[in-house]
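Reading through the structure tokens given below for one structure.
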Amino acid sequence: MPELPEVEVVRRGLDKWASGRTVSSVQVLHPRAIRRHQGTAQDFAAQLVGRTLGPAQRRGKYLWLPLPGTGSSLLGHLGMSGQLLIQPEEAPEETHLRVRVRFADTLGTELRFVDQRTFGGLAVEDADPADPDAAPVSLAHIARDPLDPRFDDDAFLAALRRRSSGVKRALLDQSLISGVGNIYADEALWRARLHYDRPADTLRRPQAELLLASAREVMSAALAVGGTSFDSLYVNVNGESGYFSRSLDAYGREGEPCNRCATPMRRAAWMNRSSYFCPRCQKLPRPRTS
DNA sequence: AGACTCTCCTGCGTGC
DNA sequence: TGCACGCAGGAGAGTC
């Protein structure tokens, strides 16, 4: 389940192994892999062939590579199970290989988009002409992520504290803050000792600050660990066996002792998924009755 | 606008 | 052993 740290590792891999190379051919093996693209698979391929990939960019969980001279960018999202791999051209096809991109050079490697559950996808999109990084237009509503130097702490904290919904729902709202998914949301909430369903507009400013700092810490720590393993030819993205999984304090720890107070952790059904929390450290304050 | 739900998808683990 | 089902969950679409 790639979230911001995993996607950043992929971005670095793409920047190292794909940027600067010129596309020679594109093969779309599954139409759903390009469903965001406004056009056919043939059109997707035609917009890439002959183009040179620019430096890899990221916002939240989205990745893109500008296509210099075209006003457009190659956009990617890994969804739940997507991988972007650099593989030798002769390597056997992965079971869920969806898109193959070959290059007009002699490196002998190609870019592959592999995605079991097809929640992810690629597209060529117009870039925002005002954005120096050529961000695709459809990312206009995606907020900056907390590791972005241009993330506005004050604006985020104020917006968060205006939301009436639960604080976890707000954390997962990519228009408020991007890059946070179910795993790191639970981790940040555990660190900040906040219940996932705590109405965001009941947070005091220091609590909101602690939550943001916690999200930054946990994602930075995960990135630091994940960043060590992409030295190979592979653009590493294996969300399932994430390198950080041994360090999780909340996610997936139902029944195990809280790493702070030893109370058994709980799992609650929440929004068609799960929330893991410590029932002692992360209490829901009694709602005020009016 | 904000809050909220539904839907997309496949493989794996579980229970009968 | 086989089959049905729950679960994993990002995010766009749609409703109110």
Side-chain angles (χ1 to χ4, degrees), chain A residues 1-8 10-11 28-38 58-64 75-84 94-99 113-123 125 135-145 155-156 158-189 196-203 215 219 222 237-242 244-245 248 250-255 266-277 287:
Chain A
M1 288 140 264
E3 298 181 32
L4 186 154
E6 294 75 23
V7 177
E8 173 59 16
V10 175
R11 188 200 66 77
V28 176
L29 294 102
H30 196 305
R32 250 191 333 264
I34 57 157
R35 69 190 181 291
R36 277 181 76 111
H37 182 79
Q38 303 290 313
R58 181 187 58 74
R59 180 169 303 164
K61 303 167 201 167
Y62 285 91
L63 292 160
W64 73 93
L75 173 66
H77 195 292
L78 302 173
M80 290 291 302
S81 55
Q83 294 174 281
L84 283 162
E94 292 78 4
T95 306
H96 303 294
L97 178 62
R98 308 304 190 192
V99 179
F113 180 64
V114 177
D115 190 7
Q116 176 203 109
R117 286 157 71 183
T118 65
F119 275 25
L122 304 178
E125 261 190 32
V137 287
S138 73
L139 301 196
H141 69 291
I142 304 293
R144 293 188 179 274
D145 61 68
F156 165 72
L160 174 68
R161 296 179 63 226
R162 281 194 298 267
R163 291 293 177 99
S164 62
S165 55
V167 65
K168 181 169 173 180
R169 186 187 285 274
L171 274 183
L172 296 181
D173 183 341
Q174 306 294 301
S175 68
L176 204 53
I177 180 173
S178 69
V180 183
N182 200 41
I183 296 172
Y184 293 112
D186 279 1
E187 295 302 308
L189 289 165
Y196 60 90
D197 225 6
R198 169 78 174 269
D201 58 9
T202 68
L203 292 179
M219 291 200 289
V237 53
N238 186 346
E240 294 294 333
S241 63
F244 194 62
S245 57
L248 296 177
Y251 185 82
R253 297 197 66 242
E254 181 181 20
R266 285 201 194 146
R267 179 178 79 91
W270 179 84
M271 269 179 71
N272 276 334
R273 58 204 68 186
S274 295
S275 272
Y276 296 90
F277 67 107

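Predicted model only: the values in this text are computed from it and were never measured. Lettering of chains follows the sequences in order, A, B, ..., and the numbering in each one begins at 1.
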Please say whether more than 12 non-hydrogen atoms of neighbouring residues, nucleotides or ligands are located less than 6.0 Å from CD in A:Q38.
-> no

From B:dT7, B:dC9, B:dG11, pick the nucleotide closest to the side chain of A:R117?
-> B:dC9

Interatomic distance where CG belongs to A:D197 and P belongs to B:dC4 [whole Å] = 9 Å

Separation of A:R169 atom CZ from B:dT5 atom P, in whole Å?
-> 5 Å

Taking only the side-chain nitrogens and oxygens of A:S164, find out if one of them lies under 4.0 Å from OP1 or OP2 of B:dA3.
-> yes

Distance test, side-chain N/O of A:R273 to OP1/OP2 of C:dG10, below 4.0 Å = yes

Protein-nucleotide distance (A:R98, atom CZ; B:dT10, atom P), rounded to Å = 7 Å

Polar side-chain atom of A:D186 near backbone of A:Y276 as donor-acceptor pair, under 3.5 Å | yes

C:dG12 OP1/OP2 closer than 4.0 Å to side-chain N/O of A:H77 = no

Would you kindly give the CG-to-C1' distance between A:L172 and C:dG12, to the nearest whole Å?
-> 15 Å

When rounded to whole Å, the CG to P distance for the pair A:L139 and C:dG10 reads 17 Å

Answer yes or no: does a side-chain N or O of A:R163 lie under 4.0 Å from OP1 or OP2 of B:dC4?
-> no

Looking at every strand, decide which applies to A:N272 at a 4.0 Å heavy-atom threshold: base, sugar-phosphate, or nothing.
-> base

What is the distance, rounded to the nearest whole Å, between atom CZ of A:R35 and atom P of B:dT7?
-> 16 Å

Check whether any side-chain N or O of A:R32 sits under 4.0 Å from OP1 or OP2 of B:dC8, and answer yes or no.
-> no

Phosphate contact (C:dC7 OP1 or OP2) by A:S274 side-chain N/O below 4.0 Å | no

If you measure from the Lys or Arg side-chain nitrogens to the Asp or Glu carboxylate oxygens, is any gap between A:R169 and A:D197 under 4.0 Å?
-> no

In terms of side-chain heavy atoms of A:T118, which of B:dC9, C:dG12, B:dT7 is nearest?
-> B:dC9

Does A:H96 make a side-chain N or O approach to OP1 or OP2 of B:dC9 shorter than 4.0 Å?
-> no

Do A:D115 and A:R32 sit within salt-bridge range, that is, some charged N less than 4.0 Å from a carboxylate O?
-> no

Protein-nucleotide distance (A:N182, atom CG; C:dG10, atom P), rounded to Å = 5 Å

Does a side-chain N or O from A:Q116 land closer than 4.0 Å to OP1 or OP2 of B:dT10, or not?
-> no

Just checking A:H141: base, sugar-phosphate only, or nothing, at a heavy-atom cut-off of under 4.0 Å?
-> sugar-phosphate

For atom CD of A:E254 and atom C1' of B:dT14, their distance in whole Å = 15 Å

Of the candidate nucleotides B:dT7, C:dG10, B:dC9, which contains the atom at the shortest distance from the side chain of A:K61?
-> C:dG10

Count the heavy atoms belonging to other residues, nucleotides or ligands that lie under 6.0 Å from CZ of A:R144, then report whether that count exceeds 12.
-> yes

Hey, are A:D145 and A:K61 close enough for a salt bridge, meaning a charged N less than 4.0 Å from a carboxylate O?
-> no

Could you tell me whether the phosphate oxygens of C:dA8, OP1 or OP2, come under 4.0 Å of any side-chain nitrogen or oxygen in A:R267?
-> yes

